[in-house]
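Below: one structure, written as structure tokens.
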Number of protein chains: 2
Amino acid sequence: MRLRRLLEVVGIDDDKTRVATIFDVARLAGVSHQTVSRVLNDLPNVRPATRQRVEKAITALNYRPSPAARALVTRRSRTIGLITTGGPDYGPSSAVLHFNEAARSSRYAVSMASMLSSDPDSLRSAVELLLRQNVEAIVLIAAHRGALDTVQGIELGVPLIAVDSSGRAGFHSVAIDQYRGARAAVAHLAGLGHTRILHLAGPADSTDALERVRGWRDELAERGLEAAQPMVGDWSPASGFAFGTALAERGGALDFTAVFAGNDQMALGLVHALTAHGFAVPADVSVIGFDDIPESAYFAPPLTTMRQDFDSLGRDILFTLLAVLADEESSGVPPMVPELVIRSSTAPPPVPSPTSGPDVGAADVGRRARR
Amino acid sequence: MRLRRLLEVVGIDDDKTRVATIFDVARLAGVSHQTVSRVLNDLPNVRPATRQRVEKAITALNYRPSPAARALVTRRSRTIGLITTGGPDYGPSSAVLHFNEAARSSRYAVSMASMLSSDPDSLRSAVELLLRQNVEAIVLIAAHRGALDTVQGIELGVPLIAVDSSGRAGFHSVAIDQYRGARAAVAHLAGLGHTRILHLAGPADSTDALERVRGWRDELAERGLEAAQPMVGDWSPASGFAFGTALAERGGALDFTAVFAGNDQMALGLVHALTAHGFAVPADVSVIGFDDIPESAYFAPPLTTMRQDFDSLGRDILFTLLAVLADEESSGVPPMVPELVIRSSTAPPPVPSPTSGPDVGAADVGRRARR
DNA sequence: ACGATCTGTACCAGATGCGAC
DNA sequence: AGTCGCATCTGGTACAGATCG
């Protein structure tokens, strides 16, 4: 170290790998190091000519300020912490991806802490890890409702931006309006003439799932339709399949003509179980999903569903984040509402049979048992 | 600042939000900050009693060392840079997730830079962003072959670990053996009796896709079977659908009995197009996919496919990363090989018709036009 | 004299208040 | 008043030196 310094003074630098510092730039530009600092931070009181010289020196040396040194003194890192809970699902993954791209284009680094589960302890340690890195904000994209609770329970010291559709307070939220999406889904079904519309809900620890249940219930109520107890799955096609099987094997005729599934995967499993038991979709029962994952257009039958714009969601997260950091009192981005995508899994109900309990329907087209 | 220091000396600290520093710990423990540093870094020559006192002070003050300060002086950040290219697909997303969890449990932070496309310029700027953060290594999980090229072309100064199945040199790679997976897929088809096995390949800029093509070709060759020109899609169900449609509308009878699809999504689109044109899967044509995404077990019919263990892949990335950082001359983790998952989309070929150009097969079970 | 233990000081690479031209 | 430089600060690590039995 001492030797290098010495050599440097004499104009000899033996360490080829060393990166340029603000001092090197200053020396080359013939100014003091903090004049360089002024130029770097766009502060006033620097003569244009001086600024030019400094800038030339900067490019000449390919100088880049050290984030570590900067973070140390400013206590801000220009990085934001991103916490996700839940598996590699299309929606969250998409949002994360677009959020990350947007953040980078705003010259923010993002430090990621993702976890399959959402147990409070690991969540807490993840938050601590991020906090120690001097993240300027924390973004939470959680599949589990509990995650938001525990993160809110931690003294963060930095703003928290969370994807949340429940309208809870205490943090900055950005959302897609699950409630309205659910109502639109049910409205579509009801508009086709369905009166007995079941709901295959997502897990109870999901805010989105709860909001969709609420929307389903309210839309039904507004139309004077009855809401049976919703089935609650876990978002997986397997759970959709399980409930589909249960429904199909309940014995006798089906006592419903349509199902609003909490997401496309469960819809897939449901449809699979139904058709395996000889019920045709949509001839016997209509099924609508939620999300519009890329696959759903090619399901058999192509799935009618509610599209969520996850790309915009990701960008909106950054947008509100930037606003919050700039201390703007903006009310945030208004929630987007999912868009109905009509494909082939929904149709009018089979027969307007007011008689209770018709035996297995007559439409045999497309029915066959599998395996 | 000066005021605070003064108050501090008098024992009054007015800034409640200030976090404890190593000096605070030292003062409380009655030692020098340097001694504190020693216990922090598990260095020798600290009396057990002293160590105890320091540790007590640390917990009392809830002290956590500042990564910024540490990074500044050590020039290592304990964070690793993660670059991903491509969309929110199940495989990469899964791997990223598990990698991140593993990294965190090894007390490494990960700074993420994901991008949909892989154009050299944004890739380069992403790498620069990471490098400036003093990441200790860069992990690349790229859908596009070109991404690896351009990243390799950059003077990183830190190790590069990339997911790559081609066996290229110049970086540390961790992989799933796509070649063997492809051979196994074709072997399964051939074992069923198929002799005319098409391949619906992934895009040419994907190493994985190329390896699968190679495996398909080699397995066919070894069995004395002919390899038609592969179709090349883009991983999307839409592209699978397009090729399925083209095949079905080629006129006359099908000149193949099985298709090896490059991934499950394309297989889905393909099956969809085939069945829409009245061809039954697997009665008329067998289809095998690749990846085993969670949905594929519930496709119609449930898809036979090659399962890749993305979870382990993610963990393996961290494992080799750790080995590289520790400068171990380990040869890395051996590539895993995908596992055949037999479901219902593959079966023996329809009829052992050696006569060329049989007209539309006789098996009508399960055939119907959709829409 | 000497090894174990601990302290003092320089240093990392920037930002910032204050004073000087 | 507008430009610019000196000194000091951020929170750690590293190395040399001091103390002590």
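Note: hydrogens, waters and symmetry copies are ignored here, and every other heavy atom, side chains too, is used. Order of the sequence lines sets the chain letters (A, B, ...), proteins ahead of strands, with each chain counted from 1. Small disclaimer: the values here were computed from a predicted structure and weren't measured.
- Distance, R132(B) CZ to dA13(C) P: 16 Å, rounded to whole Å.
- Here salt bridge (charged side-chain N to carboxylate O under 4.0 Å, His left out) pairs that include residues 120-141 of chain A, with residues two or more places apart or in two chains, are R76(A)-E136(A), D121(A)-R124(A), E128(A)-R132(A), E128(A)-R64(B).
- Listed by first then second residue, pairs satisfying ring-ring contact (aromatic ring centres under 6.0 Å, His included) with a partner in residues 42-64 of chain B number zero, not counting sequence neighbours.
- Note on R75(A): a side-chain N or O is less than 4.0 Å away from OP1 or OP2 of dG11(D).
- What separates CD of Q34(A) from P of dA20(C) is a distance of 15 Å, to the nearest Å.
- Not counting sequence neighbours, D119(B) has no partner by the salt bridge (Lys or Arg N to Asp or Glu O under 4.0 Å) test.
- The interatomic distance linking R76(A) (CZ) with dT10(D) (P) rounds to 18 Å, in whole Å.
- Across dT9(C), dC6(C), dA13(C), the shortest atom-to-atom separation from the side chain of H33(B) is found for dT9(C).
- Using modelled atom types and a 3.5 Å distance limit, the side chains of S32(B) and Q34(B) yield no donor-acceptor pair.
- In terms of the salt bridge (Lys or Arg N to Asp or Glu O under 4.0 Å) criterion, D205(A) has no residue partners (sequence neighbours excluded).
- Within the helix from dC2(C)-dG21(D) to dC21(C)-dG2(D), the inter-axis angle between the opening and closing five-pair segments is 60°, rounded to 10°.
- Between R78(A) atom CZ and dA13(C) atom P the separation is 22 Å, expressed in whole Å.
- The ring-ring contact (aromatic ring centres under 6.0 Å, His included) search around H144(A) returns none, not counting sequence neighbours.
- A 4.5 Å side-chain heavy-atom check between I80(A) and L321(A) finds at least one atom pair inside the cut-off.
- Summarising the geometry, the separation between CD on Q133(A) and P on dT10(D) is reported as 22 Å, rounded to the nearest angstrom.
- The stretch residues 33-42 of chain A participates, sequence neighbours left out, in these salt bridge (charged side-chain N to carboxylate O under 4.0 Å, His left out) pairs: D42(A)-R51(A).
- Residue contacts shown for T35(A) are limited to sugar-phosphate atoms, with no base heavy atom under 4.0 Å away.
- Taking H33(A) as the reference, F23(A) meet the ring-ring contact (aromatic ring centres under 6.0 Å, His included) condition, with sequence neighbours excluded.
- Remark: L72(B), V73(B) in residues 57-74 of chain B come within less than 4.0 Å of DNA chain C through at least one heavy atom.
- Taking only side-chain nitrogens and oxygens, T21(B) never comes nearer than 4.0 Å to OP1 or OP2 of dT10(D).
- Residues in residues 146-164 of chain A take part in these salt bridge (charged side-chain N to carboxylate O under 4.0 Å, His left out) pairs, two or more places apart or across chains: D149(A)-R168(A).
- Checked against side chain to side chain contact (heavy atoms under 4.5 Å, CB included), R47(A) has the following partners two or more places apart in sequence or in another chain: T50(A).
- Near-neighbour residues of DNA chain D inside residues 37-49 of chain A, defined by a heavy atom below 4.0 Å, number-ordered: R38(A), N45(A), V46(A), R47(A).
- Closest to the side chain of I22(A), out of dG5(D), dT7(C), dA15(C), is dA15(C).
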